[in-house]
Amino acid sequence: MAVPLRGGGGGRSAFGGSGGLRSFFSYRIFISAVFFLLFLATLSALFTSHHDSVLPSSGNTYVHHTYMALNSDPLKTRLDLIYKQANDHITLINAYAAYARKLKLDISRQLKQFDDLAKNFSDLSTKPNYRASLFETQGAVDEDVLRQFEKEVKDRVKIVRLMISESKENYDNQLKIQKLKDTIFAVNDLRVKAKKNGAFASAIAARSTPKSLHCLAMRLVGERIANPEKYKDEEPDPEFEDPTLYHYAIASDNVIAVSVVVNSVIKNAEEPWKHVFHIVTDRMNVAAMKVWFKMRPVQGGARVEIKVIEDFPFLNASYVPVLRQLEFAKFRTLKIGGENSSSASMNSKNSNNLSMLDHLQFYLPEMYPKLHKILYLEDDVVVQKDLTGLWNIDMNGKVNGAVETCFGPFHRYAQYLNFSHPLIKEKFNPKACAWAYGMNIFDLDTWRRDKCTEEYHYWQNLNEDWTLWSSGTLPPGLMTFYSTTKSLDKSWHVLGLGYNPGISMDEINNAAVIHYNGNMKPWLDIALNQYKSLWTKYVDNDMEFVQMCNFGL
């Protein structure tokens, strides 16, 4: 009994016993079986993946050909690649078709074409000669049939790619966004160019003399030449210097525009006989202006004084910087007319914008020394209410009563003056609110006391090289009356009728004065039609020359 026991103990010590040996070999067999099964499963997955394709095959025949292609016929490898290319494009077509359905394009031409292309690919391999010679054959692949099959597949691939290329922007959001951005940039460039061209054309139209206005001036001058005894100058009326009356200053070379301003004031005045108009023009238009108001005297007892710039002897080049700059510009043009430098070009351009008529408002206290207050009106305004309340406003020691035009960051001093210049930067606040010319009540006594004309001369002389501001009369006005301007209620003066089509009619109807500032003047063909009737209703259409020259037609 002891021997078997020792034998059994010795066996366990060497090999772990017979049971341990069996367990060891069973474990090795199990691991091998697992790896073998995994290998078979991998091969099965690879070989059966082609069966999910839209292109049909006959059972395991095509899988077998595909598997054996690498080790046998190279034509079968080629067939496999063609087959894969076809499947890839079918998948691409189906993806686009699915997205088209998602975008609710079921009835669109593109969706139908996608479906037709997918069907053509699927039907290709079902042709009897292809199935027999390529997919179901056990022998070698027929090269001629393969070449024909490849040609048809490639033709369909070209059609697919072409169609996808044409319709890609409908499905590619990034492409859509980029194309939209490109369109926006292109349209914006066109808009900027059109805006510049429009502004240039508008500026030309605004600076030109309309045929009707030229006709009117010629008719009036002809009338004076034909009847000189009727239009002799009369003695000055003492009311022209009476400070108890309401005095207006208008500087213009436009006869019809001045007549509209005067008519609109008188027709809306409660006491028209207390109103006096001081009109200043140039030599070319003074005769026409005098004849007009002789033929069509103002109603209600109002008075009109018409003078030319030369009637004020102090307005000469030795005293007035603008006249001196004009003379210098003319001399420079004659001396260096062929110069092409940018500075000369800029100076010439800015000097062309200078006009003494535009700068007369800076000399009102000297032009009318006996007056205490005067209302300055530009020739492109229309008066809709009685203005006598302006003379009763407490100016609080200010010189200029005007309506401020700033809103948000717009129409601030920074937009009109060069704040890179040290003098401008030191003297003025770039965020200060700008105001408007067109209707300004001036306290002439305070003006004389504060020596505002000398202040204007100071800045105008410094700007001889155009480094403080580019052009216009508003910048020097903003500088001259920087701390001496009283802000008036906005209902006194509404601007923008010469460029802004979006002004509300309520705002216009509530305004005492409406201003056609901008290039679209009401006497021009380019005027904004929605505002033109507000001006034409004050045109004296009963005047024979107005009818002959087709004003308002």
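All heavy atoms count here, side chains included; hydrogens, waters and symmetry mates do not.
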Side-chain heavy atoms of E223 within contact of K230, under 4.5 Å: yes

Look only at the side chain of Y531 and the backbone of P501, and say whether a donor-acceptor pair between them is shorter than 3.5 Å. yes

Judged by atom type as modelled, is there a donor-acceptor pair below 3.5 Å linking the side chain of Y413 to the main-chain atoms of F419? no

Please check if the side chain of T453 supplies one atom and the backbone of F362 the other of a donor-acceptor pair under 3.5 Å. yes

Can you check side-chain hydrogen bond (donor to acceptor under 3.5 Å, both in side chains) on Y368 and E305, steps first, answer last? CA-CA 12 Å; Y368 309 104; E305 177 191 44; 4.7 Å; no

Donor-acceptor pair, side chain of K490 and main chain of E404, under 3.5 angstrom: yes

Check: N463 side chain, L468 main-chain N or O, donor-acceptor pair, under 3.5 Å: yes

Donor-acceptor pair, distance only, cut-off 3.5 Å: does the side chain of R324 make one with the backbone of N461? no

Under 3.5 Å: donor-acceptor pair, side chain of K195, backbone of L190: no

Derivation and outcome, side-chain hydrogen bond (donor to acceptor under 3.5 Å, both in side chains), residues Y437 and D358: CA-CA 11 Å; Y437 270 131; D358 295 333; over 6 Å; no

Within-4.5 Å side-chain heavy-atom neighbours: L497 and L528: no

Hey, mind stepping through V258 and F277 against side-chain contact (heavy atoms from CB on, under 4.5 Å) and telling me if it holds? CA-CA 10 Å; V258 171; F277 298 90; over 6 Å; no

Between S504 and D506, do the side chains contain an N or O donor and an N or O acceptor separated by less than 3.5 Å? no

Would you check if Y499 and Y516 make a side-chain contact, meaning some heavy-atom pair closer than 4.5 Å? no

Before giving the answer on side-chain contact (heavy atoms from CB on, under 4.5 Å), spell out for R219 and W292 the whole-Å C-alpha distance, their side-chain angles and the decisive distance to 0.1 Å. CA-CA 10 Å; R219 295 279 183 180; W292 174 278; over 6 Å; no

Side-chain touch W435/V403, heavy atoms, less than 4.5 angstrom: no

Applying the side-chain contact (heavy atoms from CB on, under 4.5 Å) criterion to M439, which one of L488, I514, V494 satisfies it? L488

Can you give me every donor-acceptor pair (side chain of residues 243-250, partner residue at least two apart or in another chain, under 3.5 Å) with its distance?
unit_1	atom_1	unit_2	atom_2	d
T244	OG1	D242	OD1	2.7
T244	OG1	D242	OD2	3.1
H247	ND1	H278	NE2	2.8
H247	NE2	D242	O	2.5
Y248	OH	H275	ND1	2.8

Can N541 and Q547 be said to form a side-chain contact (heavy atoms from CB on, under 4.5 Å), step by step? CA-CA 6 Å; N541 291 301; Q547 297 176 2; 5.5 Å; no

Between the main-chain N or O of T467 and the side-chain N or O of N418, is there a donor-acceptor pair closer than 3.5 Å? yes

Using a 4.5 Å cut-off on heavy atoms from C-beta on, say whether the side chain of V286 contacts that of I306. yes

With a 3.5 Å distance limit and no angle check, can you tell me whether K294 reaches the backbone of Y231 through a side-chain donor-acceptor pair? no

Looking only at heavy atoms, the pair that brings K532 and A527 closest together is CD-CB, 4.2 Å

With under 30° as parallel and over 60° as perpendicular, where do the rings of Y456 and H359 fit, or are they tilted in between? tilted

Kindly state whether the ring of F442 and the ring of W447 have centres lying under 6.0 angstrom apart. yes

W523 side chain near V539 side chain, heavy-atom distance below 4.5 Å: no

Closest heavy-atom contact between D394 and K486? O-CE, 2.9 Å

Nearest heavy-atom neighbours spanning H515 and D380: NE2-OD1, 2.8 Å

Pairwise salt bridge (Lys or Arg N to Asp or Glu O under 4.0 Å) hits with a residue in residues 272-291, at least two apart: D233-K290, E271-K274, R283-E310

Is there side-chain contact between M356 and V320, with at least one heavy-atom pair below 4.5 Å? yes

Centroid separation Y363 to H457 less than 6.0 Å: yes

Quick check: do P321 and Q325 have side-chain heavy atoms less than 4.5 Å from each other? yes

Okay, side chain of N268, backbone of S264: is any donor-acceptor separation there less than 3.5 Å? yes

What is the distance from atom CG of N227 to atom CE of M295, rounded to the nearest 0.5 Å? 9.0 Å

Residue pair K521, N519: steps toward the side-chain contact (heavy atoms from CB on, under 4.5 Å) verdict: CA-CA 6 Å; K521 304 299 184 186; N519 289 330; over 6 Å; no

